[in-house]
Visitor: 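Below you will find the structure I want to go over with you.
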Protein chains: 2
Amino acid sequence: MDLAAKLQAAGLRSTPKRLAIARLLFDGEDMHVAADAVARMAAQAGLRVSLATVYNTLNQFVAAGLLRRVNLDSERSYFDTNTASHQHIYVEDEQRLIDIPGGQIRVSGLPALPEGMEVRAVEVMVRVGAPKPTQG
Amino acid sequence: MDLAAKLQAAGLRSTPKRLAIARLLFDGEDMHVAADAVARMAAQAGLRVSLATVYNTLNQFVAAGLLRRVNLDSERSYFDTNTASHQHIYVEDEQRLIDIPGGQIRVSGLPALPEGMEVRAVEVMVRVGAPKPTQG
DNA sequence: CTGCAAACTATAATCTCTCTAAACAACGTC
DNA sequence: GACGTTGTTTAGAGAGATTATAGTTTGCAG
């Protein structure tokens with residue numbers, strides 16, 4: 001997996017900062033991170049990169065299709081290094097996202113779409129947690 | 001539909017501000033609004049209500065089960081006056097949400113959950129738009 | 001090399017939302 | 001109907017995430 005080539009194939013210049021951030025993100029493990037976590041990871045790795053560059057880079061990666069943005073809550077954005085079609089389980093108590101491999105979940109019964117529209121994405125978010133005692 | 005009774009049944013005092021905001025929201029039509037839109041609607045209706053109260057009230061309505069929070073993007077929160085189990089189509093080009101009645105969509109193939117967890121919600125968001133010419 | 005466009009940075013600005021502390025109102029009690 | 005308690009409302013400050021700005025630096029074509 002040549003990251004420099006991956007960047008260039010996506011239409012992005014292969015700069016040192018981008019390469020370093022890409023190395024943090026695409027280390028083989030699928031991950032779900034927020035921008036501040038990326039900045040922290042970068043700092044820990046001894047990389048001197050400004051917060052603005054972290055945001056710029058993440059947004060460029062999303063635009064280039066290298067990352068996927070996940071709308072988990074309105075607090076902040078999360079970025080998913082797995083860009084293949086797949087879904088998520090969100091463990092609310094632990095604030096942890098778990099991937100559901102693509103193709104495992106089937107969504108049926110979609111209604112007719114408005115005239116001239118096509119489906120761009122079907123997002124499924126399964127929110128789980130310990131049973132609520134107040135409900136029982 | 002007695003709104004004052006509805007508030008009290010939800011454990012909220014029936015105050016003039018809450019009643020007025022409830023009247024704006026629960027006018028019969030299901031709607032999806034952001035906090036600033038509610039503030040604007042209130043102002044247009046001649047209601048003098050502070051932004052803090054709009055936020056407080058919306059959050060209380062969510063906690064009381066009168067509203068549902070929808071995570072559409074990370075910019076802001078949207079509130080859905082339809083609290084029944086249902087799903088959404090998001091028309092990206094028009095930034096418009098369309099309800100899919102509950103029970104119409106079926107999601108199958110959910111994986112096993114972590115130990116001691118139960119499903120709290122299954123959110124489905126179908127993003128649609130005009131076919132992208134660059135993809136064609 | 002040289003020049004230009006793109007990238008990077010620090011900082012300011014913006015935007016959504018919450019906190020704070022004080023004024024105010026609902027509601028039960030007498 | 002006044003009183004006290006408690007919950008509401010408010011203006012404004014504050015917090016946190018993200019973007020805009022403007023100047024400097026860097027990559028890369030010629």
Side-chain angles (χ1 to χ4, degrees), chain A residues 3-24 32-43 45-64 66-80 95, chain B residues 2-24 32-43 45-64 66-79 95:
Chain A
L3 285 176
K6 192 171 175 176
L7 290 183
Q8 286 176 345
L12 295 172
R13 276 193 192 170
S14 158
T15 69
K17 299 288 164 72
R18 280 189 192 147
L19 266 176
I21 292 176
R23 262 194 293 272
L24 292 174
H32 313 94
V33 284
D36 63 305
V38 175
R40 229 177 304 119
M41 287 163 63
L47 178 62
R48 291 184 21 76
V49 63
S50 78
L51 190 56
T53 296
V54 171
Y55 275 101
N56 286 342
T57 303
L58 290 174
N59 285 335
Q60 287 152 357
F61 282 10
V62 168
L66 300 177
L67 282 179
R68 170 170 301 194
R69 193 184 291 266
V70 181
N71 297 303
L72 194 52
D73 56 46
S74 301
E75 294 278 291
R76 80 201 90 243
S77 282
Y78 293 86
F79 298 90
D80 189 344
Q95 296 190 105
Chain B
D2 185 348
L3 285 176
K6 192 170 176 177
L7 290 183
Q8 286 177 345
L12 296 172
R13 277 193 190 171
S14 158
T15 69
K17 298 288 164 73
R18 279 188 193 148
L19 267 176
I21 292 177
R23 262 193 294 271
L24 291 174
H32 315 92
V33 284
D36 64 306
V38 175
R40 230 177 303 120
M41 287 163 62
L47 178 62
R48 289 186 23 75
V49 63
S50 79
L51 191 55
T53 297
V54 170
Y55 276 101
N56 286 343
T57 303
L58 290 174
N59 285 335
Q60 287 154 354
F61 282 10
V62 169
L66 301 178
L67 281 180
R68 168 169 303 192
R69 193 184 291 267
V70 181
N71 296 301
L72 192 52
D73 57 46
S74 300
E75 294 278 292
R76 80 202 89 243
S77 282
Y78 293 85
F79 298 90
Q95 295 189 108

Visitor: Check step by step if side-chain contact (heavy atoms from CB on, under 4.5 Å) holds for A:R69 and A:N59.
Guide: CA-CA 9 Å; A:R69 193 184 291 266; A:N59 285 335; 2.7 Å; yes
Visitor: Calculate the interatomic distance between B:N56 atom CG and D:dA11 atom P; express it in whole Å.
Guide: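 So the CG-P distance, B:N56 to D:dA11, works out to 13 Å.
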Visitor: Classify the nucleic acid contact of B:R76 as base, sugar-phosphate or nothing, counting any heavy atom under 4.0 Å across all strands shown.
Guide: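 Contact class for B:R76: sugar-phosphate only.
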Visitor: Taking CG from B:L58 and P from C:dT16, how many angstroms apart are they, rounded to a whole number?
Guide: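 It is 14 Å, rounded to the nearest whole Å.
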Visitor: C:dT18 C1' sits how many Å from A:D73 CG, rounded?
Guide: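 For the pair A:D73 CG and C:dT18 C1', the rounded distance is 15 Å.
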Visitor: Both B:R13 and B:F79 contact DNA chain C. Taking the nearest nucleotide for each, which residue is further toward the 5' end?
Guide: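 It is B:F79, whose closest nucleotide lies nearer the 5' terminus.
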Visitor: Pick one: which of A:V38, A:L24, A:I21 meets side chain to side chain contact (heavy atoms under 4.5 Å, CB included) with A:V49?
Guide: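 For A:V49, the side chain to side chain contact (heavy atoms under 4.5 Å, CB included) test succeeds with only one of A:V38, A:L24, A:I21, which is A:I21.
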Visitor: Any idea which of C:dT18, C:dT9, D:dG7 is nearest the A:V49 side chain?
Guide: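 The listed nucleotide nearest to A:V49's side chain is C:dT9.
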Visitor: Assign A:T53 to base, sugar-phosphate, or nothing according to its heavy-atom contacts below 4.0 angstrom with the strands shown.
Guide: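 Since a base atom lies under 4.0 Å of A:T53, the category is base.
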Visitor: If only side-chain N and O atoms of A:T15 are considered, is one of them under 4.0 Å from the OP1 or OP2 phosphate oxygen of C:dC8?
Guide: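 Yes, such a contact exists.
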Visitor: Nearest 0.5 angstrom please: A:L12 CG to A:T57 OG1, how far?
Guide: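 With rounding to 0.5 Å, CG (A:L12) is 9.0 Å from OG1 (A:T57).
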Visitor: Taking atom P of D:dG27 as reference, at what distance in whole Å does atom CG of A:L12 sit?
Guide: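 Distance, rounded to whole Å: 15 Å.
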Visitor: Once you round it to whole Å, what is the distance between P of D:dA17 and OH of A:Y78?
Guide: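 One finds 9 Å between P of D:dA17 and OH of A:Y78, rounded.
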Visitor: With heavy atoms under 4.0 Å as the rule, sort B:D36 into base, sugar-phosphate or nothing.
Guide: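 If one applies the 4.0 Å heavy-atom cut-off, B:D36 turns out to touch nothing in the nucleic acid.
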Visitor: Nearest-Å distance, CG (B:L51) to P (C:dC19)?
Guide: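 Between P of C:dC19 and CG of B:L51: 14 Å.
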Visitor: Taking the side chain as every heavy atom from C-beta outward, state whether A:F79 and A:H32 have any atom pair closer than 4.5 Å.
Guide: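 No, every pair of side-chain atoms sits at 4.5 Å or beyond.
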Visitor: Can you identify which nucleotide, out of C:dA10, D:dA11, C:dC27, has its nearest atom closest to the A:S50 side chain?
Guide: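 Looking only at side-chain atoms, A:S50 lies closest to C:dA10.
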Visitor: How close or far is atom P of C:dT16 from atom CG of B:N71, stated in whole angstroms?
Guide: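 After rounding, the gap between these two atoms is 16 Å.
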Visitor: Measure from the side chain of B:N59, starting at C-beta and using heavy atoms only, and say which of D:dC28, D:dT9, C:dT18 lies closest.
Guide: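 Closest of the options to the side chain of B:N59: C:dT18.
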Visitor: So which nucleotide from C:dA7, D:dT18, C:dT11 ends up closest to the side chain of A:A52?
Guide: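 Nearest to the side chain of A:A52 among the choices is C:dT11.
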Visitor: Let me know the distance between CD of B:Q60 and P of D:dT8, rounded to the nearest Å.
Guide: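 That distance rounds to 6 Å.
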Visitor: Compare the minimum distances between each of C:dT9, D:dA17, C:dC8 and the side chain of A:Y55, then state the nucleotide with the smallest one.
Guide: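 Given the options C:dT9, D:dA17, C:dC8, the side chain of A:Y55 is closest to D:dA17.
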Visitor: Is A:K17 near enough to C:dT9 that one of its side-chain N or O atoms lies under 4.0 angstrom from OP1 or OP2?
Guide: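 Answer yes for this pair, as a side-chain N or O of A:K17 is under 4.0 Å from OP1 or OP2.
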Visitor: Hey, does B:S77 reach any base, or is it just sugar-phosphate, or nothing, if we go heavy atoms under 4.0 Å?
Guide: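 Contact class for B:S77: sugar-phosphate only.
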Visitor: Are B:V54 and B:D36 packed together at the side-chain level, in the sense that at least one heavy-atom pair is separated by less than 4.5 angstrom?
Guide: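 No. Closest side-chain heavy atoms not under 4.5 Å.
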